Amino acid sequence: MIDLTLVRKDPDLYQTACKNKNIKLDIKKFLALDDERREVMTQVQKMQSERNAVSKKVPTLKGAEKEAVIKEMKALGEKLKNAEGSLMVIEKEWMAQQLQLPSVPLKTVPVGKDDTENVQLRTWGTIPKFAFEPKDHVTLGESLDIIDIPRGVKIAGSRSYFLKGDGARLELAVLQFTIDSLVKKGFTLFTPPLMANYAAMMGTSYFPGGEEQAYAVGVDRTPETGLGEKEAKQIESDKAYLIGTSEVSVASYHSGETLKPSDLPKKYAGFSNCFRREAGTYGKDARGLYRIHQFQKVEQVILCENDPEVSAKLHAEILQNAEDILQALKLPYRVVAVCTGDMGRGQVYKNDIETWMPSRLGYGETHSCSTFYDFQARRLNIKYEAADGTKKFVHTLNNTCIASPRILIPILEIYQNKDGSVTIPEVLQPYMNGKKIIAKP
RNA sequence: GGAGAGGUGGCCGAGUGGUCUAUGGCGACGGUCUUGAAAACCGUUAGACCCCCUUAGGGUCUCGAGGGUUCGAAUCCCUCCCUCUCCGCCA
């Protein structure tokens with residue numbers, strides 16, 4: 001959500017942001033609607049004011065005079081009802097458009113149309129050269145019997161998988177290693193709700209717009225179950241969405257609250273399963289564990305003061321936290337500045353970390369680090385008492401710290417040996433009872 | 001799943017159709033008094049939005065949410081959500 005006084009003051013700035021972020025919204029038309037809303041609202045309020053004043057007088061009146069006033073008020077009531085009706089129509093459209101308003105990217109963000117125009121900032125590590133023909137993670141995983149995609153598909157459909165034996169243990173090891181690392185750095189760990197309501201999805205700015213990527217729970221069961229109207233309504237009201245990231249639950253944790261400045265910044269780590277429908281990606285990244293419907297992720301979520309310097313510093317910090325993990329795992333990666341066209345509606349700055357994946361002969365996105373300023377906080381209504389006594393919206397940020405099984409792709413592929421076994425990264429060995437190598441059964 | 005009780009301001013709690021603007025208390029903050037503090041006394045005490053060039057000021061909405069009845073709703077009616085108690089089922 002955007003402070004509308006800023007949009008009214010500088011419409012061109014927001015029109016440009018729309019253009020650069022590929023958002024189709026006519027700011028001028030929106031502002032015309034905004035004017036109309038206020039005009040109608042003023043009329044409505046005038047009528048309400050009159051009604052309130054007269055209603056107060058009614059009990060003091062008697063006889064014919066009273067009858068006359070009531071008759072008059074009845075007429076006003078009709079007029080008011082009509083005006084309220086048109087106001088409601090205007091407000092609905094006004095709100096819908098308002099939710100489309102993007103935040104303005106920082107000046108440092110490269111302007112571009114999509115992810116092909118992201119800009120590489122730096123690389124870390126050496127891209128491995130193999131003295132043998134390397135296998136991809138699917139081949140490795142199948143021969144080691146630690147990944148079973150066909151049976152995943154049998155049970156749950158396309159883009160589903162089982163991790164098995166040391167594959168499952170390796171996933172838990174890398175997650176636990178990451179959690180420990182963040183906790184050491186002062187982050188508070190959450191296992192949050194995996195189901196979230198519309199307000200949380202909207203508040204974190206996944207909705208409106210991302211509906212088709214989210215699994216909905218508790219709807220459309222009527223046709224199969226043949227329920228009556230009452231039961232169908234109850235199930236409809238159960239409606240919730242499976243989260244695509246724990247950011248949804250964790251960033252919403254303080255929604256509607258006013259925080260103490262001494263409690264800021266809040267450094268939270270969410271650990272959860274994540275669910276994504278991946279609608280419209282048919283055929284894209286079809287092989288292996290790159291793009292799947294369900295995965296596990298450790299996510300960093302920050303709430304801090306409404307100060308660009310403070311949030312910029314924390315952005316660098318949570319970016320570094322993720323790099324620390326990759327460096328500990330000795331996985332080569334690069335950091336890119338995400339361009340305007342590849343940014344979300346609410347983000348003002350975003351970096352991706354892409355980790356080297358031999359089977360892709362390139363870097364693949366494994367982390368995404370975003371600064372929102374107060375965009376999410378306005379939707380979630382999270383404030384704090386600033387030093388000057390006023391209440392301000394916090395800034396929010398988030399970054400992946402690790403996401404699995406995608407991270408297993410570079411681990412398995414980079415750590416593979418000529419005989420088809422995989423060496424377990426040293427830092428993960430303690431999390432697998434000291435085991436050093438995953439070998440063929 | 002069954003039965004019942006509830007949801008009012010930061011908190012507790014009164015209010016069952018109007019004439020006072022949601023009684024009262026607690027807490028918090030400010031002031032008087034005091035060397036300082038406590039006590040006592042006095043005062044203040046939410047949010048969103050709109051009008052207004054600004055200040056000042058005025059207005060609307062919000063009593064779990066949304067509809068409805070009415071000239072007028074915290075109060076009456078309908079639907080939904082949430083909390084608590086008991087029973088049943090259950091990892």
Side-chain angles (χ1 to χ4, degrees), chain A residues 1-9 31-95 97-99 191 193-203 217-219 221-222 225 227-241 252 254-263 374 377-394:
Chain A
M1 207 90 87
I2 299 297
D3 183 350
L4 287 187
T5 58
L6 299 178
V7 184
R8 290 171 193 143
K9 210 179 285 173
L31 287 178
L33 187 67
D34 182 52
D35 284 341
E36 192 187 355
R37 168 181 173 267
R38 282 185 287 172
E39 206 171 292
V40 175
M41 182 178 266
T42 304
Q43 287 169 16
V44 166
Q45 291 184 355
K46 267 185 191 157
M47 282 188 260
Q48 286 172 330
S49 177
E50 191 189 345
R51 183 194 62 189
N52 290 346
V54 175
S55 291
K56 212 171 282 177
K57 275 196 319 203
V58 168
T60 67
L61 303 175
K62 278 187 183 134
E65 198 183 357
K66 187 170 180 174
E67 304 269 312
V69 168
I70 286 177
K71 201 174 166 192
E72 215 173 283
M73 283 300 99
K74 230 174 196 168
L76 180 70
E78 283 299 308
K79 247 175 90 182
L80 181 57
K81 213 173 204 175
N82 287 337
E84 281 173 337
S86 34
L87 180 60
M88 212 153 38
V89 171
I90 291 165
E91 290 216 303
K92 202 175 166 191
E93 177 58 25
W94 175 77
M95 184 49 78
Q97 289 193 25
Q98 201 184 333
L99 288 172
T191 55
L194 303 182
M195 295 188 290
N197 57 24
Y198 187 91
M201 297 299 288
M202 192 278 284
V217 183
V219 290
R221 278 166 57 190
T222 326
T225 53
L227 293 171
E229 200 178 320
K230 188 188 165 198
E231 291 85 349
K233 252 185 188 162
Q234 281 172 347
I235 284 173
E236 171 71 18
S237 72
D238 281 345
K239 183 154 52 171
Y241 303 88
S252 302
H254 288 294
S255 60
E257 297 181 17
T258 302
L259 305 172
K260 287 187 206 140
S262 57
D263 289 340
D374 60 4
R378 283 176 179 277
R379 292 184 173 208
L380 291 166
N381 191 21
I382 306 175
K383 297 179 183 174
Y384 69 103
E385 280 179 45
D388 59 8
T390 61
K391 286 179 181 172
K392 286 186 173 165
F393 291 106
V394 298

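Just so it is clear, the values below take in all heavy atoms, side chains as well, and ignore hydrogens, waters and symmetry mates. None of these values were measured; they are calculated from a predicted model. Just so we're on the same page: letters track the sequence lines, and every chain starts at 1.
- Side chains of Glu39(A) and Gln43(A): no donor on one and acceptor on the other come within 3.5 Å.
- As rounded to the nearest Å, G17(B) and C89(B) have P atoms that lie 45 Å from one another.
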Return all side-chain donor-acceptor pairs below 3.5 angstrom for residues 48-57 of chain A, not counting sequence neighbours, or 'none' if the list is empty.
{"from": "Gln48(A)", "atom 1": "NE2", "to": "Glu84(A)", "atom 2": "OE2", "distance (Å)": "3.2"}
{"from": "Asn52(A)", "atom 1": "ND2", "to": "Gln48(A)", "atom 2": "O", "distance (Å)": "3.4"}
{"from": "Ser55(A)", "atom 1": "OG", "to": "Arg51(A)", "atom 2": "O", "distance (Å)": "2.9"}

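- The nearest whole Å value for the distance from the CD atom in Gln48(A) to the C1' atom in U62(B) is 12 Å.
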Extract from the structure each pairing of a protein N or O with an N or O of nucleotides 69-73 of chain B at less than 3.5 Å, listing the distance.
{"from": "C71(B)", "atom 1": "OP1", "to": "Lys74(A)", "atom 2": "NZ", "distance (Å)": "3.1"}
{"from": "G72(B)", "atom 1": "O4'", "to": "Ser55(A)", "atom 2": "OG", "distance (Å)": "3.3"}

Open item on the list: If a pair means Watson-Crick or G-U wobble with both distances below 3.5 Å, what does RNA chain B look like in dot-bracket form, with | marking bases paired to a different strand?
Closed with: ((((((((.[[[..)..(.....]]]((((((.......))))))((((((.....)))))).[[[[[..)....]]]]])))))))....

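- In this entry the distance linking NZ of Lys56(A) with C1' of G17(B) reads 16 Å, nearest Å.
- Met88(A) places its CE atom 17 Å from the C1' atom of C49(B), with the value rounded to the nearest Å.
- Under the rule for a ring pair (Phe, Tyr, Trp, His ring centres under 6.0 Å), Tyr384(A) has no partner lying at least two apart in sequence or in another chain.
- Rounded to whole angstrom, the span from the CG atom of Leu61(A) across to the P atom of U19(B) amounts to 14 Å.
- Scanning all heavy atoms of the two residues, the minimum distance from Asp374(A) to Phe393(A) falls at CB-CB, 3.7 Å.
- Ile2(A) has its side chain out of reach of Arg378(A): every pair of non-hydrogen atoms, C-beta onward, lies at least 4.5 Å apart.
- Atom-to-atom, CG of Asn197(A) to C1' of A65(B) comes out at 13 Å; the value is rounded to the nearest Å.
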Open item on the list: Run the side chain to side chain contact (heavy atoms under 4.5 Å, CB included) test on Lys383(A) and Leu259(A) for me, step by step, so that the C-alpha distance in whole Å, both residues' side-chain angles and the decisive distance to 0.1 Å come before the verdict.
Closed with: CA-CA 6 Å; Lys383(A) 297 179 183 174; Leu259(A) 305 172; over 6 Å; no

Pick out the pairs of N or O atoms, protein on one side and nucleotides 44-48 of chain B on the other, that lie under 3.5 Å.
{"from": "A48(B)", "atom 1": "OP1", "to": "Lys383(A)", "atom 2": "NZ", "distance (Å)": "2.8"}

Distances under 3.5 Å between protein N/O atoms and the N/O atoms of nucleotides 50-53 of chain B, please, pair by pair.
{"from": "C50(B)", "atom 1": "O2'", "to": "Thr42(A)", "atom 2": "OG1", "distance (Å)": "3.1"}

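- Heavy-atom minimum distance, Val44(A) versus Ala83(A): CG2-CB, 3.7 Å.
- At a threshold of 4.0 angstrom between heavy atoms, the contacts of Lys46(A) with the nucleic acid are absent.
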